[in-house]
Amino acid sequence: MTGSPFIRISNVTRRFGDVVAVDDLSLDIDKGELFCLLGASGCGKTTLLRMLAGFESVDSGSIEIDGIDMSRVPPATRPVNIMFQNYALFPHMTVDSNIAYGLKRAGLPRAEIESRVTELLRLVRLSGMGGRKPHQLSGGQRQRVALARALARRPKLLLLDEPLAALDKKLREDTQFELVDIQERLETTFIVVTHDQEEAMTLASRIGVMDAGKLVQVDSPRMLYDRPKNSFIADFLGTVSFLEGKVKSAKGGMLQIDGPIPVTAVDPGGFAAGDDVRMAIRPEKISLSRESGGGVNEVKVTVEDMAFTGVASNYRVAGPGGVLLKLTQPNMRRGEPALEWEETGYAAFDPADVVLLRD
Amino acid sequence: MAAVRHFLTRHGRRLVVWLPLLWLVVFFALPLVEVAQTSFTEPRRGIPPFAPLWGFGEDGFFTNFNLENYGLLVEYSQDYLRPAGNSVRLAFFSTLICLVFAYPMAWWIARSSPSHRAILLVLVMLPFWTSSLLRIYALIGLLNTNGFINSMLLQLGLIEAPIRMMQTDFSIYMGMLLTYLPLMILPLYAVMIRLDDDLLDAAADLGASRVEVFRTIVLPLTVPGIIAGSLLVFIPAVGEFVIPALLGGPEQVMIGKVLWTEFFRNRDWPVASAIAMLLLAILALPIIYARYQDGRETALDRAEDAGRGGAA
Amino acid sequence: MNRGISWPALWLGIIGFGILYVPVTVMVIYSFNSSRLVSVWAGFSTKWYGELLENDAVLEALGKSLWVAVNAATLSTVFGVLIALAFVRLGNFRFRLLLSALASMPLVMPEVVTGLSLLLLFIAMEGLLGWPAGRGIDTIIIAHTTFGMCFAAVVVQSRLRDFDMSIEEAAADLGARQPYIFFSITLPVIAPAVIAAWLLAFTLSFDDLVIASFVSGPGSSTLPIVVFSKVRLGVTPEINALATIMILLVAASVVIASAIIYRNSAGRKAAAATGGSGHES
């Protein structure tokens with residue numbers, strides 16, 4: 001990507017009375033990206049979205065889209081369109097009229113509007129439904145109308161507010177891929193706001209995790225998952241086990257860490273003997289077996305809890321010193337039967353899989 | 001057309017407020033000032049049949065300000081203050097009677113199945129939409145000495161001489177019921193329909209008898225409806241004219257009728273104005289209370305709206 | 001009292017409905033009585049309806065009432081919508097308290113007071129400005145509009161408060177601005193409430209006796225005024241007939257309107273969750 005980013009959010013702040021909804025937030029987004037704003041409710045992501053759309057004013061800072069400052073531009077004239085969480089379809093208009101609304105406002109000639117609408121209906125796979133009214137459609141169909149309507153004006157930026165929240169699981173999975181597909185075809189920049197981390201990881205090329213009005217980490221899904229910046233991120237995405245300890249020594253690219261269990265970790269640099277450190281390990285990186293393998297980072301554990309989820313089994317195992325590990329094992333057929341409740345075994349993990357956090 | 005639209009975009013907000021505001025100031029507030037003014041002048045031959053309160057004549061500024069009208073009200077208290085008291089009494093008991101009937105009716109409607117409820121609501125609204133004048137007229141046909149009820153009772157031999165039902169307190173209360181019952185039912189219904197069934201079950205589960213459930217759960221929660229309905233009935237009932245005019249006798253003089261008579265019969269507009277001021281004085285507290293209740297409701301509504309709004 | 005209602009309450013309810021309907025029912029029946037007297041049923045006859053249709057005074061008054069009511073209702077609705085918009089959408093605007101007081105007091109004011117006050121105003125205005133020249137249809141329309149708009153505002157306000165703002169935001173997002181958004185989106189969606197407000201204002205105007213009596217002039221008698229003057233003289237079968245016609249007309253309209261609304265809302269309930277319930281594809 002050359003030149004300045006397509007969307008530049010610079011030091012944007014928004015207050016509601018005493019509450020700071022968005023706190024000095026800066027973010028650059030590239031053209032054609034499918035970016036996700038991820039966070040729990042109340043973190044400020046919807047406020048930020050509304051500021052991009054023009055429905056909330058910016059207390060301080062600026063928003064630039066394609067090099068143009070948006071501070072005095074009302075929603076109607078911005079090159080931004082938004083797909084609302086509750087779809088906000090016009091109940092008294094047909095699907096055709098809903099989609100055509102923005103085009104009429106743009107003053108396009110009738111023939112062109114008609115062909116655009118047909119094209120969009122085909123894009124969202126609703127051809128032939130143009131004459132229906134919203135209350136005659138299912139939830140999934142309404143969502144597609146909302147998407148088509150928001151795409152009609154060929155916005156430079158499309159904002160999607162929890163686009164999949166109202167759909168049930170099966171539909172959600174199908175729609176996720178459809179959304180990515182449409183975005184890649186149109187090459188429009190998408191910003192999706194969601195609280196569902198699975199959704200974020202499936203859809204986005206980059207995710208910005210927000211908490212209390214601030215951006216905590218912006219990275220690709222894999223980086224966020226494997227290299228979380230702090231405990232908040234580690235805990236927010238997926239499951240994680242935390243261990244506390246103090247660095248005993250650093251030698252040969254490895255750290256020896258003292259704690260409830262002794263841990264050997266690959267040295268990422270920047271740690272010295274005597275540092276307090278917190279370690280995060282992903283569940284799929286911890287193995288569980290009946291016999292001891294005799295390697296490093298192995299601990300004798302008892303199975304406290306276990307859940308069978310078809311594809312895998314999730315375990316909570318307890319070790320010495322109050323250590324609690326969460327691990328996942330795929331249910332492949334193996335020589336030995338899988339461990340059950342209250343049985344003992346050995347949990348182990350590779351030094352390279354230990355993520356070291358400073359907070 | 002585009003020019004109009006441009007104008008509306010720029011001044012829309014202001015127009016939305018100022019158009020109705022100006023109208024109401026001119027045609028609602030100002031008239032009340034006029035009434036106050038007229039209550040301080042004296043009657044006079046001519047058109048209009050009262051002296052101007054102030055003006056500029058040959059000798060400069062003059063005024064006809066006097067308190068005679070109010071003096072009359074006090075001096076002839078039999079003719080003015082007693083009917084005022086009577087009106088309050090009749091309105092008060094009418095409100096109570098309406099409440100006694102409206103409460104179970106509203107409860108019945110609220111507890112019905114949705115399809116029954118729709119029909120019952122139509123049945124309640126129907127009288128509301130028809131002219132109250134005609135309904136009262138129908139009541140006359142019923143209560144008259146030679147009216148329907150008396151004729152029936154005489155024919156059936158249940159009575160020997162017609163019962164006098166017209167021009168009694170009874171006929172007034174009947175008229176008030178007929179006119180105001182729907183107005184009392186609606187606010188009660190609105191509150192009752194929001195009452196959660198589970199609350200009643202919970203109370204019963206915790207040992208409350210039917211009476212106790214009513215007394216401790218239903219009644220307290222429907223109080224806002226009771227207050228709203230009562231104010232909606234009491235305030236206009238005090239100033240009622242048609243009901244005492246058509247159904248009432250010399251014993252049931254109400255202040256609204258007195259005002260009418262002074263105005264149309266005696267052509268004494270200043271006294272009529274003074275009576276209007278008296279009426280307003282009587283109703284000032286209830287009206288202010290009604291506004292206060294209204295304000296509380298909208299504050300609750302707004303808090304509810306805010307709560308329903310999405311989080312960040 | 002958990003579900004259903006107790007016996008004494010039921011009886012009170014039945015009597016209540018009886019009080020509301022028995023007088024009118026009796027009157028309707030006797031409008032077809034060929035005898036003048038209520039005490040005697042002399043056979044079915046529609047002669048009073050015939051006489052009614054010959055009564056020019058009544059017919060003329062009916063026409064005037066209709067004209068006044070249509071005009072007053074329309075003006076009331078327009079102003080009522082403005083008031084409702086102001087309260088629900090404009091937040092804490094200047095003079096909000098004043099408008100709130102002025103718009104709610106006519107709802108409970110005794111009619112004799114509003115009637116008298118308006119007449120005095122019209123006289124003062126005539127003296128000062130030369131308008132209105134005498135009292136007549138116009139002054140009645142103004143009077144009815146004044147209290148009608150307050151009732152209309154209440155009806156529209158409650159609908160407006162439940163209004164889903166996100167569709168207006170969607171319209172703005174798609175390039176529309178006020179007042180286009182209001183006319184293309186808001187108004188159509190609140191249309192049923194606006195119509196209900198119009199009908200309410202119409203009814204209030206058409207039935208008004210007291211205020212019209214104060215502010216009407218010679219030759220501008222509305223139907224209630226005519227009826228009232230006749231009624232004071234006693235029960236007449238012509239008035240029975242007139243009352244029956246009007247009541248049946250209203251009854252028919254209310255029933256038809258309710259049926260339409262009921263059928264509409266059944267379909268609307270499916271549309272209520274525009275967000276979808278997510279159980280289908």
Side-chain angles (χ1 to χ4, degrees), chain B residues 8-9 12 16-17 19-21 23-24 27-32 34-35 38 48 101 104-105 107-108 111 118 122 126-127 129-131 133-135 137-142 146-148 151 177 181 200-201 204 210 213-214 235-236 239 241-242 256 259-260 272 276 279 287 290-291 294 301, chain C residues 1-5 9 12-13 16-17 19-20 23-24 26-27 38-39 79 82-83 85-86 90 93 95 99 101-106 108 110 112-113 116-118 120-121 123-124 142 146 149 161 177-179 203 207 209-210 224 227-228 231 235 239 243 246-247 250-251 254-255 258 262:
Chain B
L8 284 177
T9 315
V16 167
V17 173
L19 281 177
L21 188 61
W23 181 289
L24 286 173
F27 292 112
F28 182 71
L30 231 46
L32 293 176
E34 286 292 323
V35 174
T38 314
F101 281 99
M105 286 171 82
W107 184 253
W108 182 8
R111 299 278 111 190
V122 169
L126 208 45
W129 291 95
T130 60
S131 159
L133 178 58
L134 295 176
R135 285 183 276 149
Y137 169 76
L139 190 62
I140 300 177
L142 215 59
N146 57 352
F148 184 73
S151 315
L177 249 187
L181 201 52
L200 307 178
D201 289 343
R210 278 165 71 115
V213 171
F214 175 74
I235 297 177
F241 161 71
V242 177
L259 200 163
W260 178 284
L279 196 46
I287 289 181
R291 289 268 323 125
D294 211 31
D301 273 327
Chain C
M1 196 76 143
N2 288 2
R3 319 273 158 158
I5 70 178
L12 275 174
F17 274 109
I19 292 174
L20 282 180
V24 168
V26 169
M27 180 185 69
V38 179
S39 36
F79 280 106
L82 291 179
I83 295 176
L85 278 176
L90 295 187
F93 56 90
F95 300 125
L99 186 61
L102 288 179
S104 60
M105 280 172 60
V108 286
V112 286
V113 175
L116 176 63
S117 64
L118 270 164
L120 292 175
L121 177 79
I123 290 178
I142 293 177
T146 308
M149 71 171 74
R161 214 174 273 139
R177 276 197 248 232
Q178 297 288 11
T203 309
D207 296 339
L209 167 69
V210 175
V227 170
F228 183 67
V231 165
V235 175
I239 299 297
M246 295 187 49
I247 288 177
V250 171
V254 170
V255 169
S258 307
Y262 190 67

So, the part of I287(B) with a heavy atom under 4.5 Å from chain C: the answer is side chain
At a heavy-atom separation under 4.5 Å, does L21(B) approach chain C through its side chain, its backbone, both, or neither? both
Between L126(B), V35(B), L30(B), who has the most heavy-atom pairs with chain C when the cutoff is under 4.5 Å? L126(B)
Under 4.5 Å from any heavy atom of chain C, what part of F27(B) do you find: side chain, backbone, both or neither? both
In terms of heavy-atom contacts, P104(B) and L12(C) come closest through CG-CB, 3.7 Å
Applying side chain to side chain contact (heavy atoms under 4.5 Å, CB included), run through M149(C) and L24(B) and close with a yes or a no. CA-CA 9 Å; M149(C) 71 171 74; L24(B) 286 173; 4.0 Å; yes
Applying a strict 4.5 Å limit to non-hydrogen atoms, the region of L142(B) in contact with chain C is side chain
Let me know if V242(B) has heavy atoms under 4.5 Å from chain C in its side chain, its backbone, both or neither. side chain
Identify, with sequence neighbours excluded, every residue that meets ring-ring contact (aromatic ring centres under 6.0 Å, His included) alongside F93(C). none
With a 4.5 angstrom heavy-atom cut-off, which part of A272(B) approaches chain C: side chain, backbone, both or neither? both
Which residues pass the side chain to side chain donor-acceptor pair (under 3.5 Å) test with W23(B), sequence neighbours left out? T146(C)
Atom CZ of R177(C): over 12 foreign heavy atoms under 6.0 Å: no
One option among V255(C), V24(C), I19(C) has the most heavy-atom pairs under 4.5 Å with chain B, and it is I19(C)
Of the backbone (N, CA, C, O) and the side chain (C-beta and beyond), which part of L19(B) lies under 4.5 Å from a heavy atom of chain C, both, or neither? both
Most contact-rich option vs chain C, by heavy-atom pairs under 4.5 angstrom, among P20(B), G239(B), A276(B), G256(B), is P20(B)
Counting only non-hydrogen atoms closer than 4.5 Å, does L32(B) touch chain C with its backbone (N, CA, C, O), its side chain (CB onward), both, or neither? both
Most chain B-contacting option - heavy-atom pairs closer than 4.5 Å, from L85(C), V227(C), V113(C): V113(C)
Under a 4.5 Å heavy-atom cutoff, which of I142(C), V254(C), I123(C), L209(C) has the most pairs with chain B? I142(C)
